[in-house]
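Heads up, the thing below is written out as structure tokens.
Just so it is clear: chains get the letters A, B, ... in the order the sequence lines come, proteins before strands, and each one is counted from 1. Note: hydrogens, waters and symmetry copies are ignored here, and every other heavy atom, side chains too, is used. All values reported here derive from a predicted model rather than from experimental measurement.
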Number of protein chains: 4
Amino acid sequence: MASVNKVILIGHLGKDPEVRHLEGGNSVANFTLATNEYYKDKQGTRIERTEWHHIAAWRGLAELAEKYLRKGQQVYVEGRIRTRQYQDKDNQTRYVTEIVAEEISLLGSRPGGATAQPAAAGSSAEEPVTFRQEPELDQLPF
Amino acid sequence: MASVNKVILIGHLGKDPEVRHLEGGNSVANFTLATNEYYKDKQGTRIERTEWHHIAAWRGLAELAEKYLRKGQQVYVEGRIRTRQYQDKDNQTRYVTEIVAEEISLLGSRPGGATAQPAAAGSSAEEPVTFRQEPELDQLPF
Amino acid sequence: MASVNKVILIGHLGKDPEVRHLEGGNSVANFTLATNEYYKDKQGTRIERTEWHHIAAWRGLAELAEKYLRKGQQVYVEGRIRTRQYQDKDNQTRYVTEIVAEEISLLGSRPGGATAQPAAAGSSAEEPVTFRQEPELDQLPF
Amino acid sequence: MASVNKVILIGHLGKDPEVRHLEGGNSVANFTLATNEYYKDKQGTRIERTEWHHIAAWRGLAELAEKYLRKGQQVYVEGRIRTRQYQDKDNQTRYVTEIVAEEISLLGSRPGGATAQPAAAGSSAEEPVTFRQEPELDQLPF
DNA sequence: TTTT
DNA sequence: TTTT
């Protein structure tokens with residue numbers, strides 16, 4: 001049956017992306033993204049709560065992440081929720097929920113000490129830095 | 001800093017909602033929602049993968065869930081991602097990622113053997129069944 | 001600069017799609033989609049307001065529309081807003097705002113007298129009816 | 001029937017908001033927001049196309065707009081599509097499609113020569129600048 | 001671990 | 001554990 005599983009995030013990277021190049025030619029970048037919410041508790045004190053999202057960006061988006069994304073950067077991430085099982089060190093089944101990125105756009109200024117420009121030439125700073133994953137590739141098992 | 005944490009799901013309920021009425025007058029409904037994705041593996045075989053989302057609907061949305069939502073029902077859920085910590089039976093820290101619902105709409109037909117009409121009268125079947133949480137209440141700590 | 005232009009609609013088709021096959025091999029399906037909102041006026045009377053969206057579905061999505069979409073059908077449409085200029089019969093510049101579809105999913109039951117099954121064989125009824133446009137094709141001028 | 005009419009935009013303001021204070025205590029801010037898309041034409045030339053969205057922000061969001069939004073600012077706008085009729089100077093019926101804002105967040109740096117800080121004191125620069133409309137007020141006729 |  |  002048709003269904004929709006869509007996530008839209010705007011937040012800041014908690015660290016530089018970690019990129020792994022997998023056997024078979026695939027690559028994946030992982031990074032964390034902070035979103036914040038604010039509310040008042042019963043005493044009226046303003047509380048800030050940070051949610052840390054685990055982002056997985058595959059193939060073309062992994063390259064974008066490697067070239068352009070740095071700790072502190074503000075980005076738009078569109079993707080879908082995916083929960084993976086794994087065995088922890090005590091051989092117990094654990095679950096981790098990730099956001100599989102389908103589109104990433106760089107927003108605003110580029111703080112954090114790192115340059116947002118790619119090290120390599122060929123991609124001018126005037127270009128908008130947006131990338132959407134090709135859906136059919138995005139559907140490969142991983 | 002301003003940020004966005006938005007989830008949009010369309011899927012089917014895996015079971016009837018479980019509603020708890022908390023001390024202090026708050027209530028919360030929990031249910032699971034299935035979304036499906038399809039892809040072809042390297043052999044070209046069509047694979048279906050189901051993602052199970054854990055939905056938490058508070059206060060007014062808990063009442064809506066209790067009255068209208070049943071196993072098998074197709075719904076639209078808009079909300080935000082929230083990861084909670086808890087201690088498991090071995091006193092280890094574990095994490096569970098939920099979707100805190102901010103809007104729920106009933107879609108399509110109402111399968112599953114259960115009547116989608118509320119047990120109580122007063123809410124006619126002709127009404128559109130949509131409900132949006134009041135943001136300020138939605139911000140209470142929980 | 002990077003930007004986002006995203007529309008998410010769930011509504012019912014006001015009429016069967018009209019499909020045009022253009023010179024150059026392109027095709028486009030046009031249909032209207034109704035969404036409803038409800039509010040109370042100052043006297044407390046419940047008011048219903050219908051918004052009619054003009055949807056344009058290109059290429060692969062036009063084929064999906066032609067095969068599966070019928071008047072009365074409930075659908076999910078994801079796309080982007082685009083305003084086009086044209087000259088009216090008095091040679092005045094006029095504007096029309098459309099939603100260019102990027103993803104369409106069939107929802108719920110299939111009312112409206114028309115069968116939702118395609119006339120042609122080869123696409124079994126068990127398949128989920130969802131289609132996402134290939135982004136690069138979707139970017140062609142039109 | 002339940003339906004969804006949702007728009008998510010990230011773009012830059014084309015001009016400072018124009019705020020009108022209406023009889024009855026209501027206020028509305030209007031501004032334009034540019035989003036850009038890029039594609040290659042059949043000759044492979046890179047084309048940029050700008051879409052101008054007409055945003056209407058009511059009541060609390062009008063105040064936010066008046067205090068914080070300036071030409072050139074990058075913002076996130078969430079809202080719904082609404083097409084209004086009006087009579088033009090030749091007494092012909094015309095249509096204009098607007099985005100009625102339901103949430104606005106300021107993004108990134110604050111360019112454009114104008115200070116993004118409010119003229120009035122009392123709202124410190126450390127606050128996140130996000131505002132969501134109260135739904136019930138948002139449903140008033142206009 | 002981000003941002004203000 | 002849903003749906004087709």
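Atoms CD (A:Glu48) and C1' (E:dT4) sit 8 Å apart, rounded to a whole Å. Straight-line distance from the CG atom of C:Leu107 to the P atom of F:dT2: 20 Å, rounded to whole Å. Computed from coordinates, the B:Gln74 CD to F:dT3 P distance equals 11 Å when rounded to whole Å. A straight line from CD1 of A:Ile55 to P of E:dT2 spans 16 Å, rounded to a whole angstrom. Here the C1' atom of nucleotide F:dT3 and the CG atom of B:Asn36 are 6 Å apart, to the nearest Å. In this structure, the NE2 atom of A:His54 is 13 Å from the C1' atom of E:dT2, given to the nearest Å. The separation between A:His53 atom NE2 and E:dT1 atom P is 17 Å, rounded to whole Å. Whole-Å rounding puts the B:Gln73 CD to F:dT4 P distance at 12 Å.
For B:Ile47, the side-chain contact (heavy atoms from CB on, under 4.5 Å) test picks out B:Tyr39, B:Asp41, with sequence neighbours left out. By the side-chain contact (heavy atoms from CB on, under 4.5 Å) test, B:Ser27 pairs with B:His21, B:Ala62, sequence neighbours left out.
Taking every side-chain heavy atom of B:His12 into account, F:dT2 is the closest of E:dT2, E:dT1, F:dT2. Residue B:Thr50 has its side chain nearest to F:dT2 when only E:dT1, F:dT2, F:dT1 are considered. Distance from the side chain of A:Tyr38 is smallest for E:dT4 among the nucleotides E:dT2, E:dT4, F:dT1.
For the residue pair B:Thr35/B:His53, the side-chain donor-acceptor check at 3.5 Å is satisfied.
Look at A:Trp52 and the base of E:dT2; the rings do not stack under the cut-offs of 5.5 Å between centres and 30° between planes.
Surrounding CD of B:Gln92 are more than 12 heavy atoms belonging to other residues, nucleotides or ligands, all under 6.0 Å away.
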